[in-house]
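All of these numbers come straight from a predicted model, not from anything done at the bench.
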Amino acid sequence: MQHEEVSTLRGKVESRARKAIRNRRSSHYFMLFIALFGACMIIGDGVITPSISVLSASSGLQRSLSNIKYTSSTDAEQTISDDLRKYVPVPSACVITVGLFILQYYGTHKIGFMFAPIVTIWLLFISGVGMYNVFHWDPKIFSAISPVYMYRFVRKINKASWKSLNSILLCVAGSETMFTDLGHFSKRSIKLTFVCLIYPALVLCYAGQAAFISKHWNGTENFNHLSESVPKHLRHVFILLSLLASAVGSQATITATFSIINQCLTLGCFPRVKVIHTSDKRLGQVYIPDVNWLLMALSLSVTIGFHDETRIANAAGMAIVFGMIVTTCMMSLVIALYWGKSLFVSGCFLMFFGFVEAVYVSACMLSFHKGAWYLFVISAVSFTIMLAWHYGTMKKYEFDLQNRVSTEWLTDYSPGLGVSRVRGIGLIYTDIVTGIPAFFSHFITNLPAFHQVLIFVSFKPHPVPCVPPGERYLVGRVGNKDYRIYRCIVRYGYCDQVRDTDNFEEQIIGSIGEFISLEESDCESLASPEGRMMIVGKPLVDSNALNPIHDTNSVAGSKNIANNETLASPSGDFIERKTAVRRKKVRFLIPEGGARMRLSVREELQELIDARESGTAYFLGQSHLTVRDDSNFLKKFLIMAFVFLDRNCREPPVALNIPHAALVEVGMVYII
């Protein structure tokens, strides 16, 4: 009984928290700000990490060249060799960076298959070197893992040691990046790899460096402990492996950037870009060409502009710690709202990890003027773009919902307003799945006519590789049967090419024909605000008339004799139409029922066939957003930025393969 009371009290507290977050718009804005800010940090990390990783490895090549002894006695040749050693890191880093971004086209699976041996050899190499240094210089170095030394460090803290915390962040950069690639690999594989291989290798590597430093402390600025701790006869091997490993380390950050941008696209927080799914098994393995080349250009600008590891490292540390803070804030919400834990547990989690991360943030801010400012420049530009696109997209969608008209306006009132029907089929593409879109009502108001058959088409993505053809189309009616107005929702997976197929029009019309044939006998239709909707998508269309599809449940025909097109009707008769050229045939399933039902279905199919032969027109809404004169500066700026991005980013994929002669774009001004 007491346990039930505690559970009830906890449920009331959680319901209050959920209600407060749901009803307060300030909490929505805060979570949006935190999410976009974290995404911007990941994007900034995707720019900076390739630069710092490759440049640091290239600097090792410079040190290797510096150790070469020259026998030339002339000052001119010595000057040339000095210049060569001085300018080697940046050009070599740029070449490796360009090659790395070019490889992204092949996808995570192929790149991982190629890089896996390099990573394995690198981890075994640095762990072996670390083990050698531990036993050779100071076997007792493992005692430094004790928290006592951390307490002594904090107790004797000063400004110099406080600033050194910024460098410690780079030690955990690899693990932080690895867990951002959950969309590319499974959680189990990441955990096993980290616990069994990566973490032990890193502990041995850092312990070996600490043992070497304890016996060979050098206060010079350019002293590299890792490269100096490698035995001399293995340093050339180390330089080669470090160059290759730097590319691998950058790969994780680049793929994480692709993943976060893909998620922002799904949430309507990023401008339209082309997303290529490189795997049909994992949803998160994506390649975004536009973002890839932009990241490459920015990484090259960082490498060439700064050409200094320390300043780039300051920016990288800032990106890492802010990413951790955002993760902690969002995770505390997950603990309270999704896992169902108490607010006390969520608050303790936030306070503990937030305090540790705040300490590192304060250390990073001391180096703000030494390179970290560049991260905030990139993040400010990214945040402005994402916020403007999200704001414009939401305002546009809200305008569509508020200004849509009911189906009764189109079916009942439009005939009284003098609206006439013309021959043919009209395909109206819209994002809303109920009601009439505002741009189409605007079109009818100014030009009172529409086609004898109307089909409202909407595309809805599903998080699966491919949607089976039998489950792809969801078809229903809008209004009475006599109006011949239909709604078709096309469901597609991330590997489907539904929008780019040449016979997409035939598939839509075929799905409408199947819906007409099976409507009265269907008992598994779905309910919607406008009526029943039926899942259709059986192979109704044969795009090659010379290779008919044999199906015992359907009757179809295309008698290619003297260019005659023959279409099967539900009654079993053939409807023959003379055509000047051979057209694609459409087959309709024969419904089970009486002759009266078949006669009505036959008439509707006949009208669909006549409309198809009269031609098809495609209607697309073209929005033009504008703001009121009394709007504030922030609103005007966001709308102006959205309009600029909308005009200069990629066109909606639905409009790619529509014939220009059949395309009708309806312009409409949205006053926000």
query: What distance do Tyr618 atom OH and Leu663 atom CG have between them, rounded to the nearest 0.5 Å?
result: 10.0 Å

task: Report the distance from atom OG1 of Thr327 to atom CD1 of Ile325, rounding to the nearest 0.5 Å.
output: 10.0 Å

Do [X] side-chain atoms and [Y] backbone N/O form a donor-acceptor pair below 3.5 Å?
{"X": "Trp389", "Y": "Phe270", "answer": "yes"}
{"X": "Ser458", "Y": "Ile432", "answer": "yes"}
{"X": "Thr193", "Y": "Ser189", "answer": "yes"}
{"X": "His307", "Y": "Ile304", "answer": "yes"}

message: Is it the case that the ring center of Phe440 lies less than 6.0 angstrom away from the ring center of Phe619?
response: yes

query: Is the distance between the ring centroids of Tyr287 and Tyr106 less than 6.0 Å?
result: no

Minimum heavy-atom separation for [X] to [Y], with atom names?
{"X": "Val286", "Y": "Asn262", "result": "CG1-ND2, 3.8 Å"}
{"X": "Leu375", "Y": "Gly44", "result": "CD1-CA, 3.9 Å"}
{"X": "Leu100", "Y": "Ser250", "result": "CD2-CB, 3.4 Å"}
{"X": "Met330", "Y": "Ile34", "result": "SD-CG2, 3.6 Å"}
{"X": "Asp45", "Y": "Thr253", "result": "O-CG2, 3.3 Å"}
{"X": "Asn314", "Y": "Lys370", "result": "ND2-O, 2.8 Å"}

[X] and [Y]: side chain donor to acceptor below 3.5 Å:
{"X": "Asp400", "Y": "Tyr670", "answer": "yes"}
{"X": "Trp339", "Y": "Ser346", "answer": "no"}
{"X": "Thr430", "Y": "Arg404", "answer": "no"}
{"X": "Ser623", "Y": "Lys396", "answer": "yes"}

- prompt: What do you reckon, is CG of Asp431 surrounded by more than 12 foreign heavy atoms closer than 6.0 Å?
  reply: no

